[in-house]
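Taking it in order: structure first as structure tokens, then the write-up.
Letters A, B, ... mirror the listed sequences (proteins, then strands); counts begin at 1.
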2 protein chains.
Amino acid sequence: MAISVHSSRRDELVAQAARLFSERGYHGASMQDLAEALGLLRGSLYAHIGSKEDLLFDVANQGAVRFLERGLAAAAEAGTPPERLRAFLGAHVETAIEHLDAGTVFMNEWRYLSPALRTKIQDKRDLYESTVRDLLTEGQRSGHFRADLDVSLAARLVLSAGNWVYAWYKPDKELSPQEIGRGYADMLIRGFEEGP
Amino acid sequence: MAISVHSSRRDELVAQAARLFSERGYHGASMQDLAEALGLLRGSLYAHIGSKEDLLFDVANQGAVRFLERGLAAAAEAGTPPERLRAFLGAHVETAIEHLDAGTVFMNEWRYLSPALRTKIQDKRDLYESTVRDLLTEGQRSGHFRADLDVSLAARLVLSAGNWVYAWYKPDKELSPQEIGRGYADMLIRGFEEGP
DNA sequence: CGGCAGCAAACAAACGGTCGTTTGGCGAGC
DNA sequence: GCTCGCCAAACGACCGTTTGTTTGCTGCCG
């Protein structure tokens, strides 16, 4: 007897959709593909979902929520701004790698959502980015980061590092998520700090 | 009499394909869409191309060649390793922004190529990345960069910054490509250099 | 100068196949 | 006995591609 890790059939659907959308892209993965992965006919999927786009939203939203929850928690920890930025980066990289599929869809495929649904994801992205900006601004005020740091650009740099992980990380890699996050944080924070 | 900026009809096809593939994705853009953009019927396109995949390869390869030409030239300039890294980053960001469409396809859609064609793009990507690694290694030997710098990870960081530009840059932005490249270089190089 | 060959470009129509989605029925388990 | 999960079949639309034909030019030859 197979024990499912999913609490419901729908969760299983979303998980397989995440895998397929990340591998082949939203438009490149068909309902046929998804049904085959689950051992069903494609019409049968519509007992569980409203439309293909619903699935895309669920996958992208799941990715967004995971990044937000862990990232915001890390940024709100006790410690100096550099310490919290380090924790944030670590959380981001770990989340990206633990949930590579949903993360890839969150980064790559969310833009194919219709405007109404896309907005909901965009809001979460904006909140996430502003968290980084706030952290950097706070670090400036506390004197940890250079006063002439361009906060918007630095935030983009931090997120670029984290967001591109999905594009090159292979699960059998030598480096662990923790090592990657720590390495990135070392280089970036040193670049943000006051010089000698 | 209208003067075309394209040397041939095929170039015009590739340019429109770049735009559509970057906007809607390779699988999301149909030959119908492309034909309409050119004022043709979709069958007529096949007088100029062999297949849709040919177009994807042409667009992705065009992007790859542009990055390679400018990036390798910048890395081979006279100057110290930090200066050349700065030139490289500037060239990359400028290229990414000047050719946002082809660059986006080069970053996002190239993976949908069949293995034979994908390999040709992958080779160019590998060459590009190794150029950054060599530059960083040289900077270590010359004493400009920290001896304990993880060169592979630092190279990934540089490329992440540059590769993610297409994902957030909007042409009406306040920051010029030069300013972005310079800002990234300031932060990154400071992070790579020997401490006090 | 007239006519005709050669050419590239595009149309018109069709190919087999796949797309996402809907509907009606049916069997198994609470 | 009723609900839930799935099947079977079908829907119209669209997919990428092929084919045969028409169009409008261009340059050459008589």
Any chance the rings of Tyr128(A) and His92(A) have centres within less than 6.0 Å? yes

Under 4.0 Å between any heavy atoms, over every strand shown, what does [X] touch: base, sugar-phosphate, or nothing? Just pick one.
X        : answer
Gly28(B) : nothing
Ser44(A) : base
Ala35(B) : nothing

What nucleotide among dC7(D), dT17(D), dG20(C) has an atom nearest to a side-chain atom of Lys52(B)? dT17(D)

With the side chain defined as heavy atoms from C-beta on, Ala47(A) is closest, among dC19(C), dT17(D), dC6(D), to dC6(D)

Please tell me whether Tyr46(A) and Leu41(A) are part of a single hydrophobic cluster in this structure, the criterion being side-chain heavy atoms less than 4.5 Å apart. no

Can you check the [X] [atom1] to [N] [atom2] distance for me, whole Å?
X        : N       : atom1 : atom2 : answer
Leu40(A) : dG5(D)  : CG    : C1'   : 9 Å
Ile49(A) : dG5(D)  : CD1   : C1'   : 14 Å
Gln32(A) : dA8(D)  : CD    : P     : 14 Å
Asp33(A) : dC19(C) : CG    : P     : 7 Å
Met31(A) : dA10(D) : CE    : P     : 21 Å
Leu41(B) : dT22(D) : CG    : P     : 16 Å
Leu45(A) : dC7(D)  : CG    : C1'   : 12 Å
His27(B) : dG16(D) : NE2   : P     : 10 Å

Closest to the 5' end of DNA chain C, once Arg42(B) and Ser51(A) are matched to their nearest nucleotides, is Arg42(B)

Cationic N near anionic O, under 4.0 Å, Arg156(A) to Glu129(A): yes

Would you say His48(A) places a side-chain N or O within less than 4.0 Å of OP1 or OP2 belonging to dC6(D)? yes

Is the phosphate of dT21(C), meaning OP1 or OP2, less than 4.0 Å from a side-chain N or O of Tyr46(A)? yes

What's the shortest heavy-atom distance between Glu94(A) and Pro177(A), and which atoms? CG-CB, 3.8 Å

If every non-hydrogen atom of Ala102(A) is compared with every non-hydrogen atom of Gln62(A), which pair is closest and at what distance? CB-OE1, 4.3 Å

Determine whether a donor-acceptor pair (one donor, one acceptor, N or O, separation below 3.5 Å) exists between the side chain of Arg9(A) and the base of dG5(D). no

